[in-house]
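This is the structure I have questions about; it appears just below.
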Amino acid sequence: MVDAALLARTPFFAGLDAAAVEIVAGLCEDRDLKRNDILFREGEDATELFVVERGRVAIANRSEDGRESLVALMEAGDLFGEMGLFDGIRSADARALETSKVVAVPYAPLREALDRQPSALWSVVELLARRIRAVDEALADTVFLDVPGRTAKRLLELAGEGDQFQLPVTQEELAAMVGASRERVNKAISQFVRLGWLEQHDRVYRIVNREQLTLRAR
């Protein structure tokens, strides 16, 4: 049985009472994924949302020529696939970046719970507002930041509050997050290393000068 506490910790479920979350959790199922397993594709019918229990899942769009734009990186505790609850259509692809486990939450019992507690929809609205804000910020980055600036910003996001981190994606996937070619992203990283802002050993990075890297990301 799916742990209701995992659902309760997500902002989406914050407005539902414990009994409602328990009912929904009883109708969920775990799904184990290997790297590059596809959960869903853009344009498909949507009947469930997902919560990451462990691992990482990429949310991405693809161009007609097959190029991928990685728009979000979902990690343990993150929820995704909620847009289809309202229009029934997937707006992007979801692909496992590594061995992962997700909880599949069917829409039907979730809708019933929200119908019984309509005030809980405010938590859903807040989540959707954050998603829209993130999209707006990404679009602004594309307009106002060059490739080195976007690369610096993504590296800082992946590092979080720590200075040393292991890149959780491949170089191609990092380039898809930045919205540029792998060659241009690698050139930007090499520049940061030469300037002494960053150290790199394979996929392990250490931020040496956070202040300068932060300034470059603006």
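Just so you know, these numbers use all the heavy atoms, side chains as well, and skip hydrogens, waters and symmetry mates.
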When you compare the side chain of Val57 with that of Leu97, does any pair of heavy atoms fall below 4.5 Å? no
Is the side chain of Ser100 donor-acceptor paired with the backbone N or O of Glu98 at a distance under 3.5 Å, no angle test? yes
For Asp146, run the salt bridge (charged side-chain N to carboxylate O under 4.0 Å, His left out) check against Arg218, Arg216, Arg184 and tell me which one passes. Arg216
For the pair Tyr107 (side chain) and Thr47 (backbone), establish whether a donor and an acceptor sit closer than 3.5 Å, ignoring hydrogens and angles. no
CZ/Arg41: more than 12 non-hydrogen atoms of other groups inside 6.0 Å: no
Is Arg154 reaching over with its side chain to a backbone N or O of Leu174, donor-acceptor style, under 3.5 angstrom? no
So Phe192 and Trp197, would you call those rings parallel, tilted or perpendicular, with 30° and 60° as cut-offs? parallel
Minimal non-hydrogen separation, Met74 against Ala72, with atom names: CE-CB, 3.9 Å
About how many Å separate CG of Leu110 and CG of Leu49, when rounded to the nearest 0.5 Å? 6.0 Å
Closest non-hydrogen atoms of Val185 and Ala180, given as atom of the first, atom of the second and distance, are CG2-CB, 4.1 Å
Taking Arg203 for the side chain and Leu167 for the main chain, is one N or O donor matched with an acceptor at less than 3.5 Å? yes
Indicate the atoms forming the closest heavy-atom contact of Asn61 with Ser91, along with that distance. ND2-O, 3.1 Å
Going through the distances and angles, do Gln200 and Tyr205 end up as a side chain to side chain donor-acceptor pair (under 3.5 Å)? CA-CA 5 Å; Gln200 177 190 6; Tyr205 291 75; 3.2 Å; yes
Determine whether a donor-acceptor pair (N or O, by modelled atom type, separation under 3.5 Å) exists between the side chain of Thr10 and the backbone of Leu6. no
Does any N or O in the side chain of Ser123 come within less than 3.5 Å of the main-chain N or O of Gly15, such that one atom is a donor and the other an acceptor? yes
Measuring only between side-chain heavy atoms, which start at C-beta, is Val105 closer than 4.5 Å to Phe12? no
My understanding is that a hydrophobic cluster links ILVMFWY residues whose side chain heavy atoms are under 4.5 Å apart, including indirect links. Using that, what else belongs to the cluster containing Ile89? none
All heavy atoms of Val24 vs all of Pro109, minimum pair found to be CG2-O, 4.1 Å
Any chance you could lay out the salt bridge (Lys or Arg N to Asp or Glu O under 4.0 Å) test for Arg95 and Asp37, step after step, and finish with the verdict? CA-CA 6 Å; Arg95 173 175 62 85; Asp37 279 353; over 6 Å; no
Nearest-0.5 Å distance, CG of residue Asn209 to CD of residue Glu199: 11.5 Å
Does a sphere of radius 6.0 Å around CG in Asp202 hold more than 12 heavy atoms from other residues, nucleotides or ligands, not counting ones at 6.0 Å or beyond? no
Do you know which two heavy atoms are closest between Ala159 and Ile207, and how far apart they sit? CB-CD1, 3.7 Å
I'd like to know if the side chain of Gln171 and the backbone of Asn186 have a donor-acceptor N/O pair within less than 3.5 Å. no
Just by modelled atom types, is the Val178 backbone N or O under 3.5 Å from a matching donor or acceptor in the Arg150 side chain? yes
Are Leu215 and Leu195 connected in the hydrophobic side-chain network, where two residues link if heavy atoms are under 4.5 Å apart? no
May I ask you to decide whether Arg35 forms a salt bridge with Glu173, counting only side-chain N to carboxylate O separations under 4.0 Å? yes
Lys/Arg-Asp/Glu bridge criterion (N-O < 4.0 Å) met for Arg56, Glu75: yes
Exercise: identify the closest heavy-atom pair between Leu16 and Ala113: CD2-O, 3.9 Å
Answer yes or no: is there an ion pair linking Asp141 with Lys153, defined by an N-O contact shorter than 4.0 Å? yes
Under 3.5 Å: donor-acceptor pair, side chain of Arg131, backbone of Met83: no
Is a donor on one side and an acceptor on the other found under 3.5 Å between the side chain of Asp93 and the backbone of Glu42? yes
Under 4.5 Å between side-chain heavy atoms, counting indirect links through other Ile/Leu/Val/Met/Phe/Trp/Tyr residues: same cluster for Met177 and Leu145 or not? no
